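Beneath this line is the structure, given in C-alpha cells, with notes to follow.
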Amino acid sequence: MINVTLKDGTVKSFEAGITVYDVAMAISPGLAKNTMAGELNGELVDIRHEIMDDSELNLLKFEDEGGKHAFWHTGSHLLAQAVKRLYPEAKLAIGPAIDNGFYYDIDVDVIITPEIMEKIENKMREIVKEGFEITRFELPRDEALKMVSDEGEIYKEELIENLPEDAIISFYKQGEFTDLCAGPHLKDLKGIKAIKLLSLAGAYWRGDEKNKMLQRIYGISFPKKAELDDYLTKLEEAKKRDHRRLGKELDLFSLQDEGPGFPFFHPKGMIIRNELESFWRQEHQKRGYQEIRTPIILNAELWKRSGHWDHYRENMYFTEIDESSYAVKPMNCPGAMLVYKRTGHSYRELPIKMAELGLVHRHELSGALHGLMRVRNFTQDDAHIYMMPDQIEAEVIKVIELADDIYNVFGFSYKVELSTKPEKAIGSDEVWDKATNALRNALEKKGIEYRINPGDGAFYGPKIDFHLEDSIGRTWQCGTIQLDFQMPERFDLTYIGSDGEKHRPVIVHRTILGSIERFFGILVEHFAGKFPVWLSPVQIMIIPVADAHNEFAQNIADQLIDLGIRAAIDSRGEKLGYRIREAQMQKTPYMLVVGDKEMEGGDLALRIRDSGDVAQISLPDLKEKLLNKIKTKEIGLD
RNA sequence: GCCCUCAUAGCUCAGUAGGUAGAGCACCACCAUGGUAAGGUGGGGGUCUCCGGUUCAAAUCCGGAUGAGGGCUCCA
C-alpha cells in the first residue's frame with residue numbers, strides 16, 4: 001500500500017500502481033470526469049500515470065494550467081486526426097498546447113483555406129462524437145522509428161532521431177490515429193464540448209527559416225460551450241484595445257504606405273509623447289543622469305570600430321557623403337562612446353550616467369513590422385553608465401529600481417529575463433561569465449523573479465530584459481540592462497584611478513521604456529485609450545449649452561489654460577448630447593457643461609469619463625483637483 | 001525575407017452571374033439654441049492601391065508590384 005497526499009492535506013492509501021484517474025475516481029466520479037492530468041510530487045503527469053510510491057498528488061482540472069495544457073494538447077491531436085482523415089497524405093510535424101489553445105504544423109500540398117478549416121473543425125466534432133478512449137504506449141527506439149517511417153511521417157522520424165538515446169518514446173492513440181507524444185493527454189475525447197479553429201499561418205519546420213514552410217493551424221477547445229463564447233468575446237474586447245485601432249480613432253499616430261514602419265505622430269499623440277518624455281527627463285535628472293544627443297548619421301569607420309559593421313549590418317541603412325561611406329545609427333552607443341572620450345575622466349567622476357533619447361533606424365524584415373510595437377525607426381530612451389568594475393552591482397540595482405519606479409506610475413506588471421551569450425558574440429567566455437554573474441547577483445539581491453533566456457544576449461554582452469504585456473497577452477521587451485566589457489576596449493575608454501594609472505571602465509547600456517514608440521503602443525492598450533489626466537491630450541472639454549454661454553465657457557477655459565491645464569471648448573452648433581458623446585468617445589477625462597445655472601453663479605457640473613457621473617464642484621476646487629491629478633499622475637479620476 | 005489572407009470615399013463597410021460605383025459615420029451649408037452618449041434638411045467628396053494582360057466592356061477575371069493583417073524567423 002502507498003499513501004497519497006492530496007492538495008487539501010488528506011492522505012489516502014491505495015495499492016501501489018493505482019492511476020491518477022483512479023485516485024480521482026475514489027474521491028468522486030465527478031472529480032474524475034473533470035480531472036485532466038495530475039501533478040505528482042511537483043511534476044506534470046498523465047492521468048494514466050501509475051503511482052508507485054508515497055506521493056503528493058494534485059489533481060489538475062481545466063481551471064489549472066497543467067489541466068488546460070493536457071486538454072489543449074489533446075485538442076491538437078484531435079486536429080491532426082481530422083486533418084489525416086481529410087488528407088491522408090498530409091505529414092504531421094509538431095502540435096503542442098500553447099498559452100491560449102493549441103496548434104498543429106502540417107505539411108500538405110493543399111492550401112488550407114477558411115473553408116477547409118471549417119471542414120476540419122466539423123470533422124473534429126464528428127470524431128469527438130465517436131467517443132474514442134485515448135491510450136498510451138511506449139516503443140523501443142527502432143520499433144518507434146519503423147512505425148513512423150512505415151506511415152511516411154518523415155517529420156516524426158526526424159523528431160525521434162533527435163531524441164536522446166535513453167529517452168522514453170511514447171505514443172498516444174485515439175481510434176485509428178496514433179501520434180508520437182510525451183503527453184499528458186485526456187483519458188478520452190468526450191469532454192471536448194467546444195472547438196474553434198482560430199487562424200492559419202506559415203511556420204518553418206523546427207523554426208528555422210532555411211527549412212520548409214509548413215502550414216500551422218491554431219485552435220482552441222473548451223469543456224463547455226459557454227467558455228468558448230466567453231473566450232471569443234474576450235478576444236473581441238481585446239481587439240477594441242488594439243493600439244493600431246485606437247491610434248486611428250483617437251487620432252494619435254499613423255503609419256503611411258509612403259513609409260512602412262516609419263510612424264507619424266499626430267498633434268494629440270505628440271502631447272502624450274512629450275508628457276512621457278518630460279516625465280522621463282525628470283526621473284533621470286533626479287537620479288544624476290546627464291542628457292546628451294548624438295548624430296543620426298556617422299561614418300563607416302565608427303561602425304567598424306564598434307563591431308556593428310560586422311555584427312549588425314543587415315539591419316542598418318547606409319548612405320554616402322562626399323564619396324565616403326556613412327551609416328544611419330541603429331544604436332546610440334558608438335556616439336555616446338565618443339562623448340565619453342572627448343575628455344579625460346577621473347575615478348572621482350564615476351559612475352557617469354549619460355542619457356539620450358536617441359532616434360535609431362533599423363531595417364527590420366517587412367513581415368516583422370507591427371503597428372508601433374515593431375517599427376523601423378524609433379526613439380530609444382537610452383543611457384550609458386560608465387563605471388568602475390566594483391560599481392556594477394550597485395548601479396545595476398539602481399537601474400532595476402528606476403525601471404520599477406517608472407513602470408509603477410503606469411500600473412504595469414512586468415516579467416524579467418536574463419539573456420546569456422549568443423552564438424554571434426565578441427569577447428571571451430570568461431568575460432561573459434563575469435558579466436552574466438554580475439547581472440544575476442543584482443537580480444538575486446533585489447529578490448526579483450526572473451527567467452533565463454539562453455543565447456539571447458546582445459553580441460557585446462549579457463542583458464536583463466523587462467517585458468510588458470499588450471492587450472491580448474503578447475509580451476514585448478521594453479526595458480533592458482546590458483552589460484558591456486567590449487565597447488570600452490574597442491573605443492579604448494579609460495579613467496584615471498586613485499593610483500594615478502589608466503583603467504578600463506565598464507559600461508551598462510540600458511533603456512527603461514525601451515522605445516518611446518513601443519511603450520506608447522503598450523500604453524494605449526494598457527489604458528484602452530483612457531489615459532490618466534496627466535497624459536490626456538485634452539484634459540477637460542468645456543461644453544457650453546447654447547451660444548449664449550460661449551463667452552462664459554471661454555472665460556473658464558482661459559483660466560484653466562493659464563494654469564497649464566489642457567482645456568478645450570466644443571461650441572459647435574450641435575446638441576449637447578452629441579458633443580458629450582463625442583468627448584466621451586475621444587475618452588476625454590473630464591467634461592464641463594456650462595449654461596444658465598453656472599452663469600448665475602452656481603457650482604459647475606463636472607462629468608467624469610469613467611463613471612459618467614456628474615459632480616457639482618466650484619471653479620477653485622476644480623482647478624485644484626485637476627492640478628493635483630496632473631501633479632500626482634494619478635490614474636483614477638474621482 | 002518566408003507562408004496564407006486582404007486592399008472600394010477621411011473612417012467602417014456593401015457592391016457574389018464583367019455593363020464605367022453605394023450606405024452609415026465624418027466634413028460643409030441651412031434650420032433648430034438644445035442641460036449630460038447621435039435633432040432635421042440639403043450638399044461636396046472616390047481615375048475602386050499601382051502597373052500590365054484578357055475582353056466590345058474590368059472595382060469585378062488573370063499576372064506582377066506595393067502596402068496591410070495573422071503567424072514563422074528576427075527584435076526595443
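As a basis for the values below, the full set of heavy atoms in this structure was taken, side chains included, without hydrogen atoms, waters or symmetry mates. Every chain is numbered from 1 and lettered A, B, ... according to where its sequence line falls, protein lines coming before strand lines. Quick caveat, the model's predicted, so the values are computed rather than measured.
Annotation: of the two residues near RNA chain B, A:Val593 and A:Gly514, the 5′-most nearest-nucleotide partner is A:Val593. RNA chain B is contacted by both A:Trp476 and A:Gly261; A:Gly261 maps to the nucleotide lying nearer its 5′ end (nearest heavy atom per residue).
Among the atoms of the strands shown, none is found under 4.0 Å from any heavy atom of A:Gln586. The residue A:Gly595 sits close to a base: some heavy atom pair falls under 4.0 Å. Within the 4.0 angstrom heavy-atom criterion, no nucleotide atom of any strand lies near A:Phe519. In this structure, A:Asp596 reaches the bases: a heavy-atom distance under 4.0 Å links it to at least one base atom across the strands shown. Residue A:Gly367 is classed as a base contact, given a heavy-atom separation below 4.0 Å to a base. Using a 4.0 Å heavy-atom cutoff across all strands shown, A:Gly612 reaches no nucleic acid atom at all. Counting any heavy atom pair closer than 4.0 Å across all strands shown, A:Ala605 reaches a base atom. Within 4.0 Å (heavy atoms only), A:Val375 reaches at least one base atom of the nucleic acid. At the heavy-atom level, A:Arg244 lies under 4.0 Å from the strands shown only through sugar-phosphate atoms. Contacts of A:Arg572 with the nucleic acid, taken as non-hydrogen atoms under 4.0 Å apart, involve only primed sugar atoms and P, OP1 or OP2. Counting non-hydrogen atoms under 4.0 angstrom, A:Gln477 reaches the backbone sugars and phosphates but no base. Among the heavy atoms of the strands lying under 4.0 Å from A:Arg216 are primed sugar atoms or P, OP1, OP2 only; no base atom is included.
The two residues A:His73 and A:Ala97 come nearest to each other via the heavy atoms N-CB, 3.7 Å. For A:Ile580 against A:Met591, the heavy-atom pair with the smallest separation is O-SD, 3.9 Å. Closest approach of A:Ile507 and A:Met487 over heavy atoms only: CD1-CB, 4.2 Å.
Within the 4.5 Å cutoff, the side chain of A:Val399 has heavy atoms near those of the A:Ile512 side chain. Considering only heavy atoms from C-beta on, A:Ile116 stays 4.5 Å or farther from A:Leu86 through its side chain. Between A:Arg510 and A:Ile385 the shortest side-chain heavy-atom distance falls below 4.5 Å. Side-chain contact between A:Arg287 and A:Lys398: absent, with no pair of heavy atoms (C-beta onward) separated by less than 4.5 Å.
If you take atom C1' in B:G44 and the same atom in B:U5, they sit 35 Å apart, rounded to whole Å. Straight-line distance between the C1' atoms of B:G39 and B:U33: roughly 11 Å, to the nearest whole Å. Nucleotides B:G42 and B:C4 have their P atoms positioned 49 Å apart, rounded to a whole Å. The same atom, C1', is picked in B:A9 and in B:G63; the two are 28 Å apart, to the nearest Å. Nucleotides B:G70 and B:G15 are separated by 26 Å at their C1' atoms, to the nearest Å. Taking the C1' atom of each, B:G1 and B:C74 are spaced 10 Å apart, rounded to whole Å. Only the C1' atoms considered, B:U16 is 14 Å distant from B:C61, to the nearest whole Å. Going from the P atom of B:G64 to that of B:C75 covers 32 Å, rounded to whole Å.
When the shell of 6.0 Å around CD of A:Glu551 is examined, it contains 12 or fewer heavy atoms from other residues, nucleotides or ligands.
Dashed line: the shortest gap from a side-chain N or O of A:His370 to OP1 or OP2 of B:G70 is under 4.0 Å. Between A:Arg607 and B:A37, a side-chain N or O to OP1/OP2 separation shorter than 4.0 Å is present. Phosphate proximity of B:A37 to A:Arg579: absent, as no side-chain N or O sits under 4.0 Å from OP1 or OP2. Here A:Tyr578 reaches the OP1 or OP2 of B:A26: one of its side-chain N or O atoms lies under 4.0 Å away. OP1 or OP2 of B:A76 has not a single side-chain nitrogen or oxygen of A:Thr511 nearer than 4.0 Å. For A:Lys248, a side-chain nitrogen or oxygen approaches OP1 or OP2 of B:U12 to under 4.0 Å. OP1 or OP2 of B:A76 lies within a sub-4.0 Å distance of a side-chain N or O belonging to A:Lys463.
When Watson-Crick and G-U wobble pairs are counted only if both distances are under 3.5 Å, B:C74 pairs with no nucleotide at all. If you check B:A9 for Watson-Crick or wobble pairing at under 3.5 angstrom, you find it has no partner at all. Pair assignment for B:U47 gives none, since no Watson-Crick or G-U wobble pairing has each distance under 3.5 Å. Across the strands present, B:G52 finds its partner in B:C62; the criterion is a Watson-Crick or G-U wobble pair with both atom distances under 3.5 angstrom. Base-pair partner of B:A38: not found among the strands shown (Watson-Crick or G-U wobble, both distances under 3.5 Å). With both pairing distances under 3.5 Å, B:U20 is matched to nothing as a Watson-Crick or G-U wobble pair.
When the C1' atom of B:C11 is taken as reference, atom CG of A:Asp251 falls 11 Å away, rounded to whole Å. In this entry the distance linking CD of A:Glu582 with C1' of B:G39 reads 15 Å, nearest Å. Whole-Å rounding puts the A:Ile464 CD1 to B:A76 P distance at 15 Å. Counting to the nearest Å, the C1' atom of B:A76 and the OH atom of A:Tyr407 are 10 Å from each other. A:Ile522 has its CD1 atom 18 Å from the P atom of B:C75, to the nearest Å. Between A:Ile543 atom CD1 and B:A38 atom C1' the separation is 13 Å, expressed in whole Å. Taking atom CE of residue A:Met213 and atom C1' of nucleotide B:G1, one finds them 9 Å apart after rounding to whole Å.
No donor-acceptor contact under 3.5 Å links the side chain of A:Asp257 to the base of B:U66. If you check distances only, the side chain of A:Gln215 never reaches the base of B:G71 with a donor-acceptor pair under 3.5 Å. With hydrogens and angles left out, the side chain of A:Tyr204 and the base of B:G1 share a donor-acceptor pair within 3.5 Å.
Looking at the side chain of A:Leu200, the nearest of the listed nucleotides B:G34, B:G35, B:C4 is B:C4. Distance from the side chain of A:Asp547 is smallest for B:G34 among the nucleotides B:A37, B:G34, B:G35. Here the side chain of A:Leu576 is nearest to one of B:A76, B:U36, B:G70, namely B:U36. Closest contact between the side chain of A:Pro260 and the listed nucleotides B:G1, B:A76, B:A68 involves B:A68. Ranking B:A76, B:G1, B:A37 by closeness to the A:Arg518 side chain, first place goes to B:A76. The listed nucleotides are B:C75, B:G35, B:G34; the one nearest the side chain of A:Ala546 is B:G34.
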Please tabulate the protein-to-nucleotide N/O contacts below 3.5 Å involving nucleotides 45-47 of chain B, giving atom names and distances.
none

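With no hydrogens or angles considered, no side-chain donor-acceptor pair links A:Tyr87 and A:Asp109 at under 3.5 Å.
Side-chain rings of A:Phe410 and A:Phe519 approach one another, their centers coming within less than 6.0 Å.
Using a 30° and 60° split on the angle between ring planes, A:Phe262 and A:His361 fall in the tilted class, from 30° to 60°. Classification of the A:Tyr317-A:His363 ring pair by plane angle, with boundaries at 30° and 60°, yields tilted.
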